[in-house]
Amino acid sequence: MFHIQDSLYLDERDLTFTMIRAQGAGGQNVNKVSSAVHLRFDVRASGLPPEVQDAVCAVSDHRISKEGVIVIKSQSFRSQEKNRVEAIERLLGMLRSALEVDKPRRATKPTRSSQRRRIQRKVQHGEVKRLRGRVQGD
C-alpha cells in the first residue's frame with residue numbers, strides 16, 4: 001500500500017509493470033538488458049473512491065488515456081528496481097497534484113498609492129520616449 005493523502009492509499013496490486021529496453025545511447029549492455037519500466041495504472045478499475053477517480057481523470061495530462069489508464073515510463077537509472085521506484089513516486093506525485101484543491105482567489109482593488117505610482121511611472125516612461133525623438137532646431 002502506498003500513501004497518497006490523509007487516509008487514501010493506493011494498492012500495489014492495481015499497478016502493472018512492464019520491463020522494456022531503455023532508449024538512447026548506451027554501451028553494449030543496453031541492447032541486452034531490459035532496465036526501463038512502463039507502469040500502467042487503470043484509474044477506473046482501481047480501488048480509489050469515485051470522486052478521486054473523477055478528479056484524476058479530469059486532469060489534462062498526456063500520460064492519461066481517454067479510458068483512464070495512466071502510463072508512466074521510467075528509464076533514468078541503469079537499475080530496474082530504481083526505475084520502478086521512480087515510476088511509483090511519479091505516479092503518487094501525479095495523484096497528489098490531481099487531488100489538490102486550489103485556494104479560491106479573492107478579488108482585491110489596488111490601493112490609491114499604488115495607482116498613483118503606476119501613473120507616475122507611465123508618465124516618466126512617456127517623457128523618456130518623447131526625449132528620444134527628433135531634435136527640433138531653431
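None of the values given here were measured: they were computed from a predicted structure.
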N/O donor-acceptor pairs under 3.5 Å from side chains in residues 98-106, not counting sequence neighbours:
none

Requested in this report: Quick one: pull up CZ in R84 and CG in L15 and give me the separation to the nearest 0.5 Å.
Outcome: 8.0 Å
Query - Test side chain to side chain donor-acceptor pair (under 3.5 Å) applied to E67 - qualifying residues, sequence neighbours left out - result: S65
Report summary line: d(I119 CD1, Q124 CD) to nearest 0.5 Å is 13.0 Å
Query raised in the report: Which of these passes side chain to side chain contact (heavy atoms under 4.5 Å, CB included) with R118: Q120, K122, Q115, R116?
Result: K122
**Report entry** Residues in side chain to side chain donor-acceptor pair (under 3.5 Å) contact with E127, at least two apart in sequence or another chain
**Finding:** R130
**Report entry** Partner residues of T108 under the side chain to side chain donor-acceptor pair (under 3.5 Å) criterion, sequence neighbours left out
**Finding:** none
**Report entry** Sequence-distant partners of D42, side chain to side chain donor-acceptor pair (under 3.5 Å), two or more places apart
**Finding:** none
Requested in this report: Applying salt bridge (Lys or Arg N to Asp or Glu O under 4.0 Å), name anything that partners R13, two or more places apart in sequence or on another chain.
Outcome: D11
Query - Verdict with reasoning, V43 to I64, per side chain to side chain contact (heavy atoms under 4.5 Å, CB included) - result: CA-CA 9 Å; V43 177; I64 303 175; 5.7 Å; no
Query raised in the report: Are I72 and L48 connected in a single hydrophobic cluster, I mean Ile/Leu/Val/Met/Phe/Trp/Tyr linked by side-chain heavy atoms less than 4.5 Å apart?
Result: yes
Query - side chain to side chain contact (heavy atoms under 4.5 Å, CB included) assessment of V37 paired with M19 - result: CA-CA 5 Å; V37 173; M19 306 313 167; 3.6 Å; yes
**Report entry** Rounded distance (nearest 0.5 Å) linking atom CG of N83 with atom NZ of K73
**Finding:** 10.5 Å
Report summary line: Distance col, row R40:CZ vs I70:CD1, nearest 0.5 angstrom, shows 12.0 Å
Query raised in the report: Are M94 and V71 linked, directly or through other ILVMFWY residues, by side chains that come within less than 4.5 angstrom of each other?
Result: no
Query raised in the report: With a 4.5 Å limit on heavy-atom distance, are the side chains of F17 and I88 in contact?
Result: yes
